[in-house]
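Working notes for the structure below.
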Amino acid sequence: MLGNFSASASVPRRDGARLARALVRWFHEHRRRLPFREDPDPWRILVSEVMLQQTRVEAMLPRYRGFVARFPDAGSFAEASADEAVASWSGLGYYRRARALHRAAGEISRQGFPRTEAGLRALPGIGPYTAAAVASIAFGEPVAAVDGNVRRVLARRFGVEGPTDRASFRRRIRELADQLVRIATQGADPAAAPGDWNQALMELGALVCTPAAPRCAGCPLRGRCVAFLEGRVAELPERPERRAPVAVRLATGLVRDRRGRVLLFRRRRSPMRGLYELPGGPCRVGETPRKALTREARARYGLVLSPGSALPSFRHTVMDQRLTVYPFFAAVAGERGPPVRGRWTAPDELDRIPAGAILKKALAIAGSESPPVDCRALMSGNTP
DNA sequence: AAGTCGTGGAA
DNA sequence: TTTCCAAGACT
């Protein structure tokens with residue numbers, strides 16, 4: 001095909017080898033000692049990579065230790081129930097990961113651990129990044145694992161323009177990453193192990209080439225870093241445009257069951273599909289779940305909530321507002337019997353509760369629907 | 001392609 | 001207080 005074949009599209013071999021040498025040296029000196037780097041067990045590496053998806057090392061670390069202590073291999077996790085699998089993920093977020101990993105563990109225990117990027121990619125929950133990461137770290141396959149860190153490092157080092165969500169940007173980064181992993185693991189002297197190379201790139205992004213306030217003074221690549229040399233470190237990579245907030249209408253209501261407990265239900269349509277919330281609208285930013293529920297319940301319905309009933313909660317992000325929501329029954333003061341325990345429920349599971357049925361029940365019990373309220377929400381720019 | 005899914009921490 | 005967004009995958 002015609003078009004993009006300019007010299008800038010490829011990394012000169014010598015240049016790449018120099019970059020690789022400097023980065024690998026830096027990595028050996030500055031790498032963090034992390035438990036999943038201490039032993040090369042594929043299962044643990046897989047678990048760590050899945051846990052690290054959109055999650056910081058510091059947040060993931062304690063969960064990781066507990067998880068691998070309880071499920072030291074794929075077989076043990078496969079034997080757990082689906083509920084246990086999700087519960088073991090409690091507090092980590094993105095609970096779909098837990099279900100997918102559970103299924104993957106089943107496949108692994110039946111068919112063996114895939115030892116290639118392509119084989120790993122076929123497992124549920126294993127995308128392009130995770131497949132490459134596990135293949136390179138656990139099995140030494142020379143494939144580039146491109147995550148947010150790598151995109152940022154390469155965008156700055158090579159001056160890659162354009163918003164990071166653009167196809168052209170991703171393509172260019174992919175080219176660079178593919179060429180570099182080849183050079184670093186084959187052409188460079190000494191050749192780096194594929195897993196070390198990928199982790200070095202990511203570690204640099206995590207410790208030095210950070211999104212905000214990068215530590216360029218300590219960067220092994222600054223001598224040839226386009227962004228640094230041109231004083232554009234803060235501008236690269238370009239962020240995708242943010243959507244404008246729009247008003248949406250929410251149908252809300254209140255349900256009380258026979259024991260006087262309050263059930264909060266969700267609205268039905270996009271863009272906040274699946275959102276459960278307090279009657280009357282979203283919680284205030286920064287409010288604790290209990291405080292918000294207490295406030296709304298008292299203000300709107302004169303209910304006094306009893307203390308002592310634990311309420312697991314979920315937060316939903318809409319224009320980065322935290323909306324605290326309650327998919328559970330809450331205990332109401334005066335109720336006899338034990339306080340209601342919040343059953344631990346993952347958002348995936350909540351999605352299967354038919355909103356229509358809940359709304360119907362709400363109307364039957366509460367008598368009428370509360371008036372719609374306005375709420376900021378994310379919508380694609382041109383939708384009314 | 002654009003929307004969705006969670007949580008915690010930093011600035 | 002508000003915004004950003006972190007070792008993404010999936011639809």
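Only this structure's heavy atoms are used, side chains among them; waters, hydrogens and symmetry mates stay out. Labels below follow one simple rule: chain letters A, B, ... track the order of the sequence lines, proteins then strands, and each chain is numbered from 1.
Distance noted for atom C1' between B/dT7 and C/dT11: 23 Å (whole Å). For the C1' atoms, the distance from B/dT4 to C/dC5 is 16 Å, rounded to whole Å. B/dA1 and C/dA9 have their C1' atoms separated by 15 Å, with the value rounded to a whole Å.
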- For A/Tyr129 and A/Glu49, run side chain to side chain donor-acceptor pair (under 3.5 Å): C-alpha distance rounded to whole Å, both residues' side-chain angles, the deciding distance at 0.1 Å, then the answer. CA-CA 9 Å; A/Tyr129 163 75; A/Glu49 289 301 340; 2.6 Å; yes
- Query: After noting the C-alpha distance and the side-chain angles of A/Arg37 and A/Glu203, does the key distance pass the salt bridge (Lys or Arg N to Asp or Glu O under 4.0 Å) rule?
  - Reply: CA-CA 12 Å; A/Arg37 284 182 179 159; A/Glu203 192 81 333; 3.1 Å; yes
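Nearest-nucleotide mapping onto DNA chain B: of A/Arg56 and A/Ala212, the residue sitting toward the 5' end is A/Arg56. Comparing A/Ile126 and A/Asp147 along DNA chain C, the residue whose closest nucleotide (by nearest heavy atom) sits nearer the 5' end is A/Asp147. Positionally, the nearest nucleotide of DNA chain C for A/Arg32 lies more toward the 5' end than for the other of A/Pro124 and A/Arg32. Of the two residues near DNA chain B, A/Ala167 and A/Arg63, the one whose nearest nucleotide lies more 5' is A/Ala167.
A salt bridge links A/Arg174 with A/Asp178: at least one charged nitrogen is closer than 4.0 Å to a carboxylate oxygen.
Between the C1' atom of C/dA6 and the CD atom of A/Glu49 lies a distance of 13 Å, rounded to the nearest Å. As rounded to whole Å, 15 Å separates atom C1' of C/dA6 from atom CG of A/Leu34. Atom CD1 of A/Ile137 is separated from atom P of C/dA7 by 14 Å (rounded to the nearest Å). Between the CH2 atom of A/Trp89 and the P atom of B/dG8 there is a distance of 15 Å, given to the nearest Å. Following rounding to the nearest Å, A/Arg97 (CZ) and B/dG6 (C1') show an atom-to-atom distance of 8 Å. The interatomic distance linking A/Leu120 (CG) with C/dG8 (P) rounds to 17 Å, in whole Å. Distance A/Arg215 CZ to B/dA10 C1': 11 Å, rounded to the nearest Å. One atom, CG of A/Asn149, and another, P of C/dG8, lie 7 Å apart when rounded to the nearest Å.
The phosphate of C/dA7 (OP1 or OP2) has no side-chain N or O of A/Thr130 nearer than 4.0 angstrom. Contact annotation: A/Tyr94 does not reach the phosphate of B/dT4 (side-chain N/O to OP1 or OP2, under 4.0 Å). Regarding contacts with the backbone of C/dG8, a side-chain N or O of A/Gln54 is found under 4.0 angstrom from either OP1 or OP2. Phosphate contact (OP1/OP2 of B/dA1, side-chain N/O of A/Arg166, threshold under 4.0 Å): absent.
Nucleic acid contact for A/Phe36: base, since at least one base atom lies under 4.0 Å from a heavy atom of the residue.
A/Arg31 and A/Gln199 share no donor-acceptor pair across their side chains, judged by distance under 3.5 Å alone.
The environment of A/Arg14 atom CZ is sparse: at most 12 non-hydrogen atoms of other residues, nucleotides or ligands sit within 6.0 angstrom.
The side chain of A/Arg121 has C/dC10 as its nearest neighbour among C/dA6, C/dA7, C/dC10.
Hydrophobic clustering (ILVMFWY, side-chain heavy atoms < 4.5 Å, transitive): A/Phe169 and A/Val233 are in distinct clusters.
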